[in-house]
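The first residue of the sequence shown is numbered 1, and numbering continues consecutively from there.
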Amino acid sequence: MMKQFIDVTQQLTKLTNNLWETNKKLQKAIIPPKVVHWKTPLLLSIFLALLTVAAVTDRGTRTLLFDMSWLFFTLSMGLLTSQQPFVINRVSLSPWVTSILIGLWLLIRLPSDKKEIAWISGPLIAVVVLAIIEVWKSESKREGIRSLVRPQFLMITLVHLLFSCWFGFHFLIQGWIQQYPSVLSQDFRQSDYVVTFQQPTINRSRGVVILNAMERYLQNEARTKPWPQVEQMLIDIDNERFFLKNQALQTTGLVPEDSSWDVKTSIVQGESRYQLEMQATWLGLVFRPEIYSFTKSCEVSQIGNRATVTCDGIKRSQPGQKKDGTAGDSQV
């Protein structure tokens, strides 16, 4: 009995010693050796993150706690990557790691229509952090400030500024494409500024999109309504009491480019049938004084008490044809 007691006591002592050693190793790994250390903001970040998850409070306070946690985490990673083994050829990775973490925070916080700010400001944030490190590590603050105007630092700044400008130019082009989708119908294979791997096609033109939407609206009306109502709609279209373009744009969504497309409809009435011709003409700026339009012809006929719609393919105005009707150079 006494021997078993001694064995249990020895095992408990050994377990206690192991736990004590583990605790010392854990403290050594977690507790920063000095106040100004990368582990200090990391501990604050973890503490604030736990408060964000566990604290029962309003959404605004949670958001504030999360932002502060991310701020301390960014500061911690910036300090960590400013020392070995994250210094390559005396160049620290800290500026770029810091700018990436700040960029991720901006992507989360910025609204969907402003997220490009995170990409554009990323290279500039890296330059600012690099400048702070240069001044901080200098023995003399005056010498540190002077180092910011040296050719090496100026070259780094210009390179980052170039990346920022390219990001801005990319989002500018994307904004133009969203506002003016017909740009995608042009041939950019010889462009020095826009890179595309797809062949140009008129199907990307907004005028084609509008005409196809008008055809779909006619098809839907013919399927769901009797012939007298469809016929009355055609009569209203001919008398400009009903605008087919407005109904079609409700299904495609509006873009600023729509105001530059002039859509006209003409109807020829026959026996139990109507010939509808739709034309979309571009009224905006063009590189050359020529017509840029599309036409689609549809035949709406009566079969019993129903209507059927048969449409031809879209035809484009002759490339190079000028507004006075004379032929011009081929359109690129």
Side-chain angles (χ1 to χ4, degrees), residues 111-116 171-188 196 198-270 272-286 291-317:
S112 58
D113 59 336
K114 299 293 183 181
K115 292 188 181 298
E116 63 270 14
F171 288 107
L172 178 64
I173 293 294
Q174 294 302 313
W176 285 349
I177 290 175
Q178 290 179 0
Q179 295 182 3
Y180 301 96
S182 295
V183 172
L184 292 174
S185 65
Q186 304 301 314
D187 189 355
F188 291 110
T196 179
Q198 298 179 350
Q199 296 290 334
T201 171
I202 65 172
N203 292 330
R204 298 177 186 169
S205 175
R206 186 64 179 176
V208 174
V209 172
I210 294 174
L211 294 183
N212 287 334
M214 293 168 68
E215 177 188 356
R216 288 194 299 270
Y217 183 85
L218 283 174
Q219 296 282 4
N220 183 67
E221 292 294 297
R223 286 194 304 267
T224 58
K225 292 184 179 180
W227 168 254
Q229 294 185 20
V230 175
E231 184 179 29
Q232 184 60 46
M233 180 188 67
L234 295 173
I235 295 174
D236 291 339
I237 292 175
D238 190 32
N239 295 328
E240 295 185 354
R241 292 195 298 265
F242 183 84
F243 296 97
L244 193 56
K245 173 187 174 183
N246 296 342
Q247 297 297 324
L249 289 179
Q250 291 179 6
T251 62
T252 62
L254 297 174
V255 296
E257 181 183 339
D258 293 338
S259 61
S260 298
W261 283 98
D262 179 34
V263 180
K264 295 181 179 179
T265 54
S266 60
I267 295 179
V268 178
Q269 182 178 1
S272 299
R273 69 181 61 210
Y274 289 82
Q275 192 72 29
L276 172 63
E277 182 170 309
M278 301 175 290
Q279 183 180 42
T281 304
W282 173 251
L283 300 180
L285 295 176
V286 292
I291 297 175
Y292 184 70
S293 65
F294 302 96
T295 57
K296 176 184 280 287
S297 297
C298 297
E299 184 178 270
V300 184
S301 56
Q302 178 185 7
I303 299 180
N305 194 36
R306 290 291 178 180
T308 60
V309 179
T310 305
C311 295
D312 298 332
I314 290 181
K315 297 180 181 179
R316 179 183 169 180
S317 58

For the [atom1] atom of [X] and the [atom2] atom of [Y], what is their distance to the nearest 0.5 Å?
X	Y	atom1	atom2	value
Ser293	Asp262	OG	CG	10.0 Å
Arg206	Asp258	CZ	CG	4.0 Å
Gln232	Ile237	CD	CD1	10.5 Å
Cys298	Glu215	SG	CD	5.0 Å
Thr310	Leu218	OG1	CG	11.5 Å
Glu231	Met233	CD	CE	11.0 Å

Okay, side chain of [X], backbone of [Y]: is any donor-acceptor separation there less than 3.5 Å?
X	Y	value
Gln302	Gly304	yes
Arg306	Lys225	yes
Glu221	Val230	no
Lys296	Met214	no

Any non-hydrogen side-chain atom of [X] less than 4.5 Å from a side-chain atom of [Y]?
X	Y	result
Ile210	Thr252	no
Leu211	Val208	no
Tyr217	Thr251	no
Lys264	Thr281	no
Arg241	Ile235	yes
Val300	Trp227	yes
Ile303	Ser272	no

Checklist entry - Going through the distances and angles, do Asn246 and Gln250 end up as a side chain to side chain donor-acceptor pair (under 3.5 Å)? => result CA-CA 7 Å; Asn246 296 342; Gln250 291 179 6; over 6 Å; no
Item to check | Asn212 versus Ile314, closest heavy-atom pair with distance | outcome: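 That would be OD1-CD1, 3.5 Å.
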Checklist outcome for this item: When every non-hydrogen atom of Trp261 is compared with those of Ala280, the smallest separation belongs to CZ3-O, 3.7 Å
